[in-house]
There are 4 protein chains.
Amino acid sequence: MVEPHELSNKKEAILYSAFQVFTEKGYHQAKVSEIAERARVGKGTVYEYFDSKEALLIGVIKAGTKYYIEQLNESAEQAVDPLGKLRNILLKNVTILKENQNFRQLINHNFGVNSEQFHLLLQEQRQILFQKIQKILQEAINQQQIKPIDLEIGVRLVFGHIIAMDPEMGNLAEEQINSMIDILFKGLQ
Amino acid sequence: MVEPHELSNKKEAILYSAFQVFTEKGYHQAKVSEIAERARVGKGTVYEYFDSKEALLIGVIKAGTKYYIEQLNESAEQAVDPLGKLRNILLKNVTILKENQNFRQLINHNFGVNSEQFHLLLQEQRQILFQKIQKILQEAINQQQIKPIDLEIGVRLVFGHIIAMDPEMGNLAEEQINSMIDILFKGLQ
Amino acid sequence: MVEPHELSNKKEAILYSAFQVFTEKGYHQAKVSEIAERARVGKGTVYEYFDSKEALLIGVIKAGTKYYIEQLNESAEQAVDPLGKLRNILLKNVTILKENQNFRQLINHNFGVNSEQFHLLLQEQRQILFQKIQKILQEAINQQQIKPIDLEIGVRLVFGHIIAMDPEMGNLAEEQINSMIDILFKGLQ
Amino acid sequence: MVEPHELSNKKEAILYSAFQVFTEKGYHQAKVSEIAERARVGKGTVYEYFDSKEALLIGVIKAGTKYYIEQLNESAEQAVDPLGKLRNILLKNVTILKENQNFRQLINHNFGVNSEQFHLLLQEQRQILFQKIQKILQEAINQQQIKPIDLEIGVRLVFGHIIAMDPEMGNLAEEQINSMIDILFKGLQ
DNA sequence: CATGAATGAGCTTTCATTCAT
DNA sequence: AATGAATGAAAGCTCATTCAT
């Protein structure tokens, strides 16, 4: 485990430390002073790199979702046929959430942050994911792996599955996860 | 639209006013003083009826989820066969969320409230809903309307659909909603 | 032990209940509502009999010091010669304070009450005690039991002894108390 | 007279300003905001140096009693024989209390503060004084300046004298004070 | 670039007191 | 005379942010 202050550059140290603190305590309970301490920098230094506590949250979320989407993309690329890609995305998603429950908490526990910017960012990130899924679904339709459906609906169904398999509701066996995906695919065929 | 202070009894006026304010601003941004003002009572009066700001949030959530679950139950009862009930619940859910977007916000915007009690309450309410769905799925299996599946999986799939049809991601036409439900049912058969 | 609410008339019940609560918690920690409850009357009723919380404290102190001084007087009267009276007063004082430690606390714990009236009252009561002592000392001088001293000094010395024998600093054996009085008398002779 | 804000360091300015306000108004009537204002610092700054309002009171008392006991010690050291030391302590005590009536008020007016810590501190300080007196009395006994008495009693008698000579009951002439001390010594011989 | 001492706006909560019944 | 629901002033404390060094 890397400690925040061991990171080479200060901005990253602050970001990582903020990730930890926001995750553990939630935005409102998190203190800038604690973030600074864990990053082993002065409180003022945090403000050299980020305009405000909220900007810090935004930064953390940005870095987090970037990583998340990259991971999903990578795992998608390891399959060739569209349904294989979709299955990989769904499986990987469970893995990421399970291995990194903090990440989930980071977003959920901070949903209460009433900030236009925060919500726009989350929506934006969701859009990126949605477009990826949409593209895969279109391929699947083109290759007649699933019947032609309204893509809006398709994306939502996949997203619903992502939520349905969230380890926060309790862990699922590999087998159960695959069954759930099978049911989705069967419905779509 | 009824104004909070028009409600006959003070407790209800406070509860309703709190609902509005929590919804609009989120828990942390909400001021007890504003809640009191809108309910046209003194700040102290709020504390006559609720022990703390948090107790007020709990009260609001309790009233809200009670209403929500009652509505879903009622609409379920209007069908006789299990899949009909399930369809009704899913349809009604969309209607409730659409008509009452505040309610969604109330829960989402306050998810960040770091309170044991708050999370327990939400979990408890979700359990009630889950048990209802589980019972319906069992009936559907018994009547051979769907194939015998792991109920855990079944409940999650329905829950995933509830999320997938959330009007917050944009409104869906009646037709689209029904197709989504059809896909679910097809997957389960 | 008599409970406050068993007293025949409401004013006394309130007074006694106030005595208990002020004693146990001190003036600032005492709540009018608790005083009312213990006296088994409504909060409003307290205000029928006393203008304010402070007036209630004054009332309690008045009743308490009246009792205290009466007791000292009575015990003084049980001796005939002045020095005997003085010894009795000093002995009785220890007994009262020991048996009724609450009474001490009532005065000490509320010394912080920053009220002109309160301090005047205490001073007034002290004056009454001082005059009694002064009179006895004068008699003792007249009867040549002690040498003629400045009465101001004499009164203070007796008062100092009262404090010196306070059971709050720890209990003294009967024998120790008498030794202390002997030392005082020897000094005065 | 030095104004609090003229003190070189902030902590001292706050301490002195707190001393004034606690003295003038008593603990409960004192507002942290007023203490801050008089020290010409922000309210938050007070909390940088002291954890709470109560910690501030403790700090003030500590500084005050430290000064008080140091003064008494110093004046004791200016005599060689034990009874001389005792006389010096008693005389100095009157001077301190007279010159610094606030100090007395600080302790008396705050006796009502219902805090374990506060009372422990006062008791502790009283013990220090008592031990000093006890040691002197023992020396006096050893040197046969007074007859061998129970030291517990001796200490109390001296303490009673300290109270008896309190300028709050009215000023005493130098001569009167010395007579009072003479009476004590005569009693002890 | 880096710091952390200083700041003060802003919030929840308590409770003496009032007054309509 | 008796009540207690309603009130709102008042105060301690937190912590994001600033800025002089």
Side-chain angles (χ1 to χ4, degrees), chain A residues 9-11 13-14 27-37 39-57, chain B residues 9-11 13-14 25 27-37 39-56, chain C residues 9-11 14 27-37 39-57, chain D residues 9-11 13-14 25 27-37 39-57:
Chain A
N9 88 34
K10 289 204 167 148
K11 185 166 181 177
I14 291 167
Y27 182 74
H28 286 100
Q29 277 67 40
K31 294 183 224 172
V32 174
S33 62
E34 189 182 344
I35 293 171
E37 265 169 42
R40 305 267 170 101
V41 297
K43 226 184 322 173
T45 309
V46 172
Y47 284 86
E48 287 287 324
Y49 293 97
F50 299 91
D51 285 344
S52 65
K53 187 185 176 185
E54 201 185 302
L56 199 44
L57 176 62
Chain B
N9 105 13
K10 289 211 159 122
K11 185 167 182 177
I14 292 168
K25 320 234 164 154
Y27 181 74
H28 287 101
Q29 280 69 38
K31 294 183 236 169
V32 174
S33 63
E34 188 180 347
I35 293 171
E37 264 168 43
R40 305 267 170 98
V41 297
K43 219 180 330 168
T45 309
V46 172
Y47 285 87
E48 287 284 320
Y49 291 98
F50 298 91
D51 285 343
S52 65
K53 188 184 175 187
E54 201 187 304
L56 198 43
Chain C
N9 89 33
K10 289 203 166 146
K11 186 166 182 177
I14 292 167
Y27 182 74
H28 287 101
Q29 278 67 40
K31 295 183 224 169
V32 174
S33 61
E34 189 182 344
I35 293 171
E37 265 169 43
R40 306 266 172 98
V41 298
K43 225 181 325 171
T45 309
V46 172
Y47 285 86
E48 287 287 324
Y49 293 98
F50 298 91
D51 285 345
S52 65
K53 187 185 177 186
E54 202 185 303
L56 199 43
L57 176 61
Chain D
N9 105 14
K10 289 213 159 119
K11 186 168 181 176
I14 291 167
K25 320 234 165 154
Y27 182 75
H28 286 101
Q29 279 70 39
K31 294 184 234 170
V32 173
S33 62
E34 188 181 348
I35 293 171
E37 265 169 42
R40 303 269 171 97
V41 296
K43 217 183 331 169
T45 308
V46 173
Y47 285 89
E48 286 284 319
Y49 292 98
F50 298 91
D51 285 343
S52 64
K53 188 184 175 187
E54 200 186 303
L56 196 43
L57 176 61

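Proteins come first, then strands; the chains are lettered A, B, ... in the order of their sequence lines, and each starts at number 1.
Each of D:His28 and A:Lys31 lies near DNA chain F, and the nucleotide nearest D:His28 is the one positioned closer to the 5' end. Between B:Ser52 and A:Gly42, the residue anchored closer to the 5' end of DNA chain E is A:Gly42, taking for each the nucleotide with the nearest heavy atom.
For C:Lys53, the side-chain atoms get nearest to E:dA16 when compared with the rest of E:dT3, E:dC11, E:dA16. Closest to the side chain of B:Tyr47, out of E:dT13, F:dG12, F:dA6, is E:dT13.
Note that NZ of B:Lys53 and NE2 of B:His28 are 6.5 Å apart. Values are rounded to the nearest 0.5 Å. Rounding to the nearest 0.5 angstrom, the gap separating the CG atom in A:Leu56 from the CD atom in A:Glu54 is 10.5 Å.
Nucleotide F:dA10 holds its P atom 14 Å from the CD atom of D:Glu34, rounded to whole Å. A straight line from NZ of B:Lys11 to C1' of F:dA6 spans 16 Å, rounded to a whole angstrom. Here F:dA11 presents its P atom at 16 Å from CG of D:Leu56, a figure rounded to the nearest Å. Separating the NZ atom of D:Lys43 from the P atom of E:dA6 is a distance of 17 Å, rounded to the nearest angstrom. With rounding to whole Å, B:Lys25 atom NZ is found 12 Å from E:dT12 atom P.
C:Ala55 comes within 4.0 angstrom of nothing in the nucleic acid, heavy atoms only. As judged by a 4.0 angstrom heavy-atom cut-off over every strand, D:Tyr49 is placed among residues touching the sugar-phosphate backbone only. Nucleic acid contact for B:Ser33: none, since no nucleic acid atom lies under 4.0 Å from a heavy atom of the residue.
Under 4.0 angstrom from either OP1 or OP2 of E:dA6 there lies at least one side-chain N or O belonging to D:Lys10. Contact between the side-chain N/O atoms of C:Thr45 and the OP1/OP2 oxygens of F:dT3 is found at a separation under 4.0 Å.
With salt bridges taken as basic N to acidic carboxylate O contacts below 4.0 Å, one links B:Lys25 and B:Glu34.
Taken together, the paired segments of DNA chain E that extend over three or more consecutive Watson-Crick or G-U pairs, each closer than 3.5 Å at both contacts, are E:2-21 with F:2-21.
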